[in-house]
Amino acid sequence: MSETPPNTLQYRFDGPEDAPVLILGPSLGTTWHMWDRQVPELTKQWRVFRFDLPGHGGAPAHPAGSVADLTTRLLATLEGLGVQRFGYAGCALGGAVGIELALRHPERLASLALIAASPRFGTADEFRRRGVIVRTNGLDPIARSAPERWFTGGFAAAQPAITEWAVQMVRTTDPGCYIAACEALASFDARAGLGSVGVPTLVLVGSEDQVTGPAEARTLVAGIPDARLAVVPGASHLVPVEQPAAVTDLLVRHFSTAWQPGFDTATGHVAMPAAAVKPVPAVAPPQQAPVAEIAPPPVAPQQPQGRPDPYDAGLKVRREVLGDAHVDGVLAGTDAFSGDFQELVTRYAWGEVWDRPGLDRRTRSCVTLTALVAGGHLEELAFHVRAALRNGLTPDEIKEVLLQTAVYCGVPAASSAFRVAQQVVREETTPQE
């Protein structure tokens, strides 16, 4: 067990101290106990390291809003323990951490297993909406629906104790950390980098997984050069819990046979001891003709760079605030007549103003809602209410903004705004059955 500073993760070790380290990474909403059934067998060969996500399993609630941040915290934890190289198996969000390790820190990784994982988890809109629901209703709706996402119907019915354990595991997670983890999955997209994963990889998936199923697993196998696929029959998303023996057997076989030696980070080749370097005499032998030195090419003075084009940054912010579905719809309807206007909006409104650091996005949403009510722009108000929920405002805070507009923009304008906002809030915060 561990005491956990903000830049590290809560962890535990099991197994012999002199064995190679094998890390098991958890799924969103779970704790390290999801791996309990694998540990007895794995500790026969490895020193098993398990960790909890921030705010999960009683871990301190220091939210991590990206997979890169989670990976950095994991590596900081391992650095403090003196662990340099390790095998890694991760489930779902834990699998995303494994992909990040393989892409950014391959020298640390001896072998990799990706379970119920994907190079991109659904759509950003899906996870940001889940964050809105948690912010509005707490974690209870997500907790109650967890068994149907994680397990097959037959397993859930036959194992009520495990089903209730799953519900309580989610229910006791810190809501802010859960929302941050949703944001991490929303922004994760490793599709373009799969070809550069150079570590032996097992891709493991339950045949009945409706969250990240066999199709996503095959995408990983097709993209990763040294990857093998294992489909576990009769299992859904949380396959290590539902089919523990099958998963344990597959992990033992994979990590026993595909443990890659360390390699040089500069070349990607297996590290070899450096050849001895012969000392160079300070003065050349007198009988040798002087050798001319080749002068290095002159370094051209750096020219001052102009301001970068804000279009790409603006498009990124626009998607994060308004959602992919909305932006895709707007851009799909763009033609030669409206294209210049959409570029102007993306560069000026989103790249120049929304991307400025002077105000956070919550505050910008408050200002935007007020301005739209004042101008009577009800159509735009609807999707900016959605944006405000994504940016962290609660329905009660949006209500307060609209009450303020009743004083300064007029009761009729605020009345119309309340009708629009009420419908949007109802749509966005009602948990889907």
Side-chain angles (χ1 to χ4, degrees), residues 9 11 20-28 35 38 42 46-51 53 64 66-79 81 83-121 181 184-185 187-205 212 215-230 239-240 247 250-271:
L9 299 173
Y11 69 90
V21 172
L22 176 59
I23 297 175
L24 303 179
S27 175
L28 171 62
W35 296 105
Q38 280 71 46
L42 294 179
W46 295 280
R47 183 155 172 76
V48 174
F49 175 101
R50 288 182 282 173
F51 65 90
L53 299 168
S66 70
V67 173
D69 187 1
L70 285 172
T71 306
T72 298
R73 295 191 196 188
L74 174 60
L75 290 175
T77 307
L78 296 171
E79 290 286 350
L81 297 167
V83 176
Q84 294 302 314
R85 277 179 60 77
F86 46 83
Y88 183 93
C91 183
L93 177 53
V97 172
I99 295 172
E100 182 76 9
L101 284 167
L103 292 175
R104 313 290 176 222
H105 307 278
E107 74 284 356
R108 308 294 294 273
L109 212 51
S111 191
L112 176 65
L114 305 175
I115 301 167
S118 176
R120 187 185 188 194
F121 291 78
L185 286 171
S187 59
F188 180 74
D189 188 350
R191 290 174 294 179
L194 293 181
S196 61
V197 174
V199 64
T201 303
L202 172 67
V203 177
L204 194 158
V205 66
T212 48
E216 286 81 1
R218 291 188 178 95
T219 300
L220 287 170
V221 173
I224 297 173
D226 188 10
R228 295 178 299 125
L229 175 64
V239 59
V247 170
L250 288 164
L251 293 180
V252 168
R253 280 194 281 162
H254 173 67
F255 288 110
S256 297
T257 59
W259 195 274
Q260 181 172 274
F263 62 94
D264 189 296
T265 57
T267 65
H269 297 153
V270 174

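All values below were derived from every heavy atom in this structure, side-chain atoms included, with hydrogens, water molecules and symmetry-related copies excluded.
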Contacts satisfying side chain to side chain donor-acceptor pair (under 3.5 Å) that involve residues 90-99 (not counting sequence neighbours) are none
Using the ring pair (Phe, Tyr, Trp, His ring centres under 6.0 Å) criterion, which residues pair with F49? Sequence neighbours excluded.
Y11, F13
To the nearest 0.5 Å, what is the distance between OG1 (T77) and CZ (F51)?
9.0 Å
For V83 versus R108, what's the shortest heavy-atom pair and its separation?
O-NH2, 2.9 Å
Closest heavy-atom pair, L9 versus L70, reported as atoms and distance to 0.1 Å, is CD1-O, 4.1 Å
Output yes when a side-chain donor or acceptor of S111 lies under 3.5 Å from a complementary backbone atom of G87, and no otherwise.
no
Of all residues at least two apart in sequence or in a different chain, which pass the side-chain hydrogen bond (donor to acceptor under 3.5 Å, both in side chains) check with Q84?
none
F255 and A113 have their tightest heavy-atom pair at CZ-CB, 3.8 Å
Residues which pass side chain to side chain contact (heavy atoms under 4.5 Å, CB included) with A181, listed by chain and number, not counting sequence neighbours
L28, L93
Distance-only criterion, 3.5 Å: show the donor-acceptor pairs between side-chain atoms of residues 188-195 and protein atoms not counting sequence neighbours.
residue, atom, partner, partner atom, Å
D189, OD1, R191, N, 3.2
D189, OD1, R191, NE, 2.8
D189, OD2, R191, NE, 3.4
D189, OD2, R191, NH2, 2.7

d(L75 CG, F86 CZ) to nearest 0.5 Å is 5.5 Å
Side-chain (R85) to main-chain (V21) donor-acceptor, under 3.5 angstrom
no
Return the set of residues passing side-chain hydrogen bond (donor to acceptor under 3.5 Å, both in side chains) with R73 (not counting sequence neighbours), or none when no residue passes.
D69
Counting distance only, does the side-chain N/O of Y88 pair as donor-acceptor with the main-chain N or O of I99 below 3.5 Å?
no
Give every residue pair that meets the side chain to side chain donor-acceptor pair (under 3.5 Å) criterion with at least one member in residues 215-228, sequence neighbours excluded.
R228-H254
Contacts of R253 meeting side-chain hydrogen bond (donor to acceptor under 3.5 Å, both in side chains) (sequence neighbours excluded), chain-then-number -> D249
Which heavy-atom pair separates W35 from L251 by the least distance, and what is that distance?
CZ3-CD1, 4.2 Å
Nearest heavy atoms of P200 and A110, plus distance in Å:
CD-O, 4.1 Å
Rounded to the nearest 0.5 Å, the CD1 atom of I115 sits from the CG atom of L250 at a distance of 9.0 Å
Sequence neighbours excluded, every pair satisfying salt bridge (charged side-chain N to carboxylate O under 4.0 Å, His left out) that has a member inside residues 89-102:
E100-R104
As an exercise, state the distance from CG of L202 to CG of L114, rounded to the nearest 0.5 Å.
8.0 Å
Which atom names give the shortest non-hydrogen contact between V199 and A102, and what distance separates them?
CG1-CB, 4.2 Å
Less than 4.5 Å apart, any side-chain heavy atom of L229 and any of V205?
yes
Between T201 (side chain) and L112 (backbone), is there a donor-acceptor pair under 3.5 Å?
no
Would a 4.5 Å heavy-atom cut-off, applied to side chains only, mark L22 and R47 as touching?
no
Pairing residues for S256 by the side-chain hydrogen bond (donor to acceptor under 3.5 Å, both in side chains) criterion, not counting sequence neighbours:
Q45
